[in-house]
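For reference, the structure is listed below as structure tokens.
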Amino acid sequence: MLDPKVLRADPRAVAENLARRGFVFDAAAYAELEAERKAVQSAAESLQAQRNTLSRRIGEARQQGENAAELMAQVSELGDQLKSRQAALASIRQKLDAWLVGVPNLLDSEVPDGKDPKDNLELRRWGEPADLDFEPLDHVQLGERWGLIDTQQAAAMSGARFSVLQGELALLHRALTQFMLDVHTRRHGYQECYVPYLVNAASLEGTGQLPKFREDLFALDGEEHFLIPTAEVPLTNLLRDTILEAPDLPWKKLAHTPCFRAEAGSYGMDTRGLIRQHQFEKVELVLAVRPEESEAALEELTLHAEAILKELGLPYRVVSLCGGDMGFAAARTYDLEVWLPSQKTYREISSCSNFRDFQARRVKARFRPGPGEAPQLLHTLNGSGLAVGRTLVAVLENRQCEDGSVRIPECLEPWMDGVTRLGAAE
RNA sequence: GGAGAGGUGGCUGAGUGGCUGAAAGCGCUCCCCUGCUAAGGGAGUAUGGGCUGAUACCCCAUCGAGGGUUCGAAUCCCUCCCUCUCCGCCA
């Protein structure tokens with residue numbers, strides 16, 4: 001949620017900023033509604049103040065045994081006026097709130113202009129795509145070659161966009177997860193959390209998935225609960241209504257969870273393989289920092305995610321998302337894109353964002369700068385470190401050999417039970 | 001799922017209709033005293049909103065949430081949520 005004070009102070013600047021992401025903000029209409037709110041609120045509050053004083057006097061008069069009938073008559077008159085003002089105020093408030101929760105975050109000034117992914121700005125590349133002297137297979141072909149991936153059975157039991165992994169492939173999937181968890185907890189200082197996979201609507205509002213992106217979610221028992229689309233939701237909601245003390249910062253948490261996405265509106269996109277599934281695993285990093293530290297924290301967070309790709313020896317690039325491609329709650333986002341030989345292109349494998357105080361305001365996540373000082377909103381950030389399914393795809397495709405076997409990255413050795421090459425047994 | 005108890009400030013915990021935004025204690029901050037340590041004394045210490053040049057006053061709201069009764073509600077009534085205890089069930 002945007003700071004209402006900023007909105008009031010300079011609605012036109014807000015409108016200009018939001019226009020960069022293709023969002024139309026009607027500053028004039030907002031200002032009008034806001035002015036109305038102010039007038040009605042002042043009127044209502046002064047009536048309340050009158051009622052309070054008179055009521056107090058009634059109490060005093062009674063205690064002294066005086067007759068308070070006249071005072072009571074006065075307050076009764078106020079009552080009706082008050083009720084109508086309060087009702088008016090409530091309805092304006094509701095309108096304003098409904099509006100406000102639908103307004104995306106302001107973009108950082110560094111966010112590149114642009115409408116779609118083509119306009120994203122490449123910041124850097126790491127690693128060289130292998131120069132293969134054979135035609136690479138894609139990950140589905142590789143998996144099927146060894147009988148370790150089964151999309152038919154998955155489709156039969158669940159439908160499209162699900163998959164079954166078996167044997168060494170399932171082991172590799174688990175090894176990747178363990179590897180990521182260990183690197184981030186031991187080397188990067190995140191605390192691991194086990195969190196609910198079902199959350200309520202309020203939690204999703206806190207992080208910005210609701211109310212606008214309902215169609216991307218899976219709902220259960222009549223919208224009482226939703227399957228989490230990312231661990232960002234439960235992790236960020238750990239901060240709800242809390243005030244962290246200065247020594248608790250930076251606050252760094254991590255969780256490995258399944259993620260569930262309805263993928264509405266992606267018909268026909270990435271229908272093959274593991275790239276776009278209704279269910280996938282992800283190791284998610286979330287941090288909360290002092291406002292002045294969030295820019296640096298985004299750089300660091302991105303490096304944490306990059307570290308995984310480097311260790312796995314997967315070529316990638318970092319892009320800064322342009323205004324039109326940015327998510328609803330983010331002020332700035334860096335995507336990590338890994339090289340996929342079969343597609344001869346870089347594909348998103350991680351997304352690292354600075355939300356500034358946008359989420360913090362919604363979940364009331366604050367910190368106390370010093371003892372006795374007033375609490376301030378935190379800045380929150382999160383990034384995938386990484387999406388496990390897509391990492392699996394990248395490992396398969398980038399480390400394949402001509403015979404279709406796949407060299408397992410050395411860093412995964414502790415979890416691979418002696419398997420160094422997928423398909424070597426044949 | 002059944003029965004019961006309960007949800008008050010950073011914490012513990014008073015408070016059954018009016019001067020209680022909330023006693024007391026703890027914690028925390030500042031000051032004083034004490035030649036160290038320990039102890040002692042004093043003051044302060046919720047959040048959001050309105051107003052404002054103001055993080056000063058003043059005003060409004062908030063004692064799990066939402067409704068209601070009343071001139072007036074932390075206190076009474078209704079609905080919901082959550083927590084705890086016992087029983088049942090269960091990985």
Side-chain angles (χ1 to χ4, degrees), chain A residues 1-10 30-31 33-101 194 196-206 220-226 234 237-249 251 290-292 357-378:
Chain A
M1 200 149 84
L2 295 185
D3 186 349
K5 282 178 189 153
V6 170
L7 267 176
R8 267 174 244 158
D10 201 348
Y30 174 80
L33 196 56
E34 177 54 25
E36 198 184 339
R37 189 221 94 226
K38 212 176 216 184
V40 176
Q41 181 169 338
S42 294
E45 285 190 357
S46 81
L47 278 174
Q48 280 172 315
Q50 285 180 54
R51 183 204 59 191
N52 289 348
T53 355
L54 287 175
S55 292
R56 211 168 297 140
R57 263 193 235 143
I58 292 172
E60 286 162 13
R62 282 247 176 111
Q63 274 183 348
Q64 282 159 31
E66 293 166 18
N67 190 328
E70 196 180 320
L71 283 169
M72 284 172 68
Q74 279 182 44
V75 188
S76 288
E77 268 174 53
L78 284 179
D80 292 340
Q81 288 184 56
L82 189 59
K83 266 201 179 132
S84 77
R85 297 287 165 91
Q86 279 175 333
L89 180 60
S91 104
I92 293 173
R93 275 249 162 85
Q94 208 170 14
K95 258 192 241 171
L96 274 172
D97 286 349
W99 191 341
L100 220 47
V101 292
Y194 174 78
Y197 303 157
L198 264 47
V199 296
N200 58 30
S203 298
L204 288 154
E205 252 168 53
L220 282 76
D221 37 71
E223 312 235 326
E224 275 283 301
H225 294 101
F226 296 84
N237 275 281
L238 286 174
L239 292 167
R240 180 174 289 276
D241 292 322
T242 59
I243 300 176
L244 297 180
E245 297 300 327
D248 300 331
L249 299 174
W251 185 93
R290 311 171 84 104
E292 63 273 21
D357 61 12
F358 189 85
Q359 294 180 326
R361 183 169 293 107
R362 291 189 173 202
V363 302
K364 288 205 187 75
R366 294 169 297 175
F367 74 104
R368 201 178 293 282
E373 289 183 47
Q376 271 183 50
L377 289 174
L378 286 157

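Chain A is the first sequence line, chain B the second, and so forth, proteins listed ahead of strands; every chain is numbered from 1. Since we're looking at a predicted model, the values are computed, not measured.
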Can you figure out which of [options] approaches the side chain of [X] most closely?
X	options	answer
Glu45(A)	C60(B), G48(B), C71(B)	C60(B)
Arg368(A)	U47(B), C71(B), C60(B)	U47(B)
Gln41(A)	C60(B), G18(B), G50(B)	G50(B)
Lys83(A)	U69(B), G48(B), G50(B)	U69(B)

[atom1] spacing across the pair [N] / [M], given as an integer number of angstrom:
N	M	atom1	value
A74(B)	U16(B)	C1'	10 Å
G42(B)	G49(B)	C1'	34 Å
G18(B)	G27(B)	C1'	33 Å
U70(B)	U55(B)	C1'	38 Å
C71(B)	G17(B)	C1'	12 Å
A73(B)	U62(B)	C1'	13 Å
A43(B)	C33(B)	C1'	15 Å
U47(B)	A39(B)	C1'	36 Å

Could you check how far [atom1] of [X] sits from [atom2] of [N], rounded to whole Å?
X	N	atom1	atom2	result
Arg93(A)	G49(B)	CZ	P	10 Å
Lys5(A)	A54(B)	NZ	C1'	13 Å
Glu60(A)	C71(B)	CD	C1'	14 Å
Arg51(A)	C71(B)	CZ	C1'	9 Å
Glu224(A)	C81(B)	CD	P	8 Å
Leu71(A)	C71(B)	CG	P	13 Å
Phe367(A)	G10(B)	CZ	C1'	17 Å
Arg240(A)	G64(B)	CZ	P	18 Å

Nucleotide opposite [N] in a Watson-Crick or G-U pair, distances under 3.5 Å:
N	result
U85(B)	A3(B)
U16(B)	none
C63(B)	none
G40(B)	C32(B)
G27(B)	U45(B)
C58(B)	G50(B)
U70(B)	none

Considering only heavy atoms from C-beta outward, does the side chain of [X] approach that of [Y] to under 4.5 Å?
X	Y	answer
Pro369(A)	Arg290(A)	yes
Ser55(A)	Val75(A)	yes
Ile243(A)	Phe367(A)	no
Leu244(A)	Leu378(A)	yes

Exercise for review: With side chain to side chain contact (heavy atoms under 4.5 Å, CB included) as the test, would you mind laying out the steps for Gln50(A) and Gln81(A) before giving the verdict?
Suggested key: CA-CA 12 Å; Gln50(A) 285 180 54; Gln81(A) 288 184 56; over 6 Å; no
Point to revise | Pair Gln41(A)-Ile92(A), side chain to side chain contact (heavy atoms under 4.5 Å, CB included): steps then yes or no | key: CA-CA 10 Å; Gln41(A) 181 169 338; Ile92(A) 293 173; over 6 Å; no
Check your understanding: Within the modelled atom types, does a donor on one side and an acceptor on the other bring the side chain of Glu245(A) and the base of G10(B) under 3.5 Å apart?
Key -> no
Can you tell me if [X] touches the phosphate of [N], counting only side-chain N or O atoms and a distance under 4.0 Å to OP1 or OP2?
X	N	result
Arg56(A)	A73(B)	no
Asn52(A)	C60(B)	yes
Lys38(A)	G49(B)	no
Arg8(A)	G50(B)	yes

Base, sugar-phosphate, or nothing: which does [X] touch, judged by heavy atoms less than 4.0 Å apart?
X	value
Arg37(A)	sugar-phosphate
Leu54(A)	nothing
Arg366(A)	sugar-phosphate

Review point. Would you say the side chains of Ser203(A) and Asn200(A) form a donor-acceptor pair under 3.5 Å?
Key: yes
Exercise for review: Could you give me the CA-CA distance, side-chain angles and deciding distance for Leu54(A) and Arg51(A), then say whether side chain to side chain contact (heavy atoms under 4.5 Å, CB included) is met?
Suggested key: CA-CA 5 Å; Leu54(A) 287 175; Arg51(A) 183 204 59 191; 6.0 Å; no
Revision key, fill the gap. Contacts of Ser42(A) and Ala49(A) projected onto RNA chain B by closest heavy atom; the upstream (5') one is Ser42(A)
Study note, to complete from the structure: Ranking Ser55(A) and Pro4(A) by the position along RNA chain B of their nearest nucleotide, the one closer to 5' is Ser55(A)
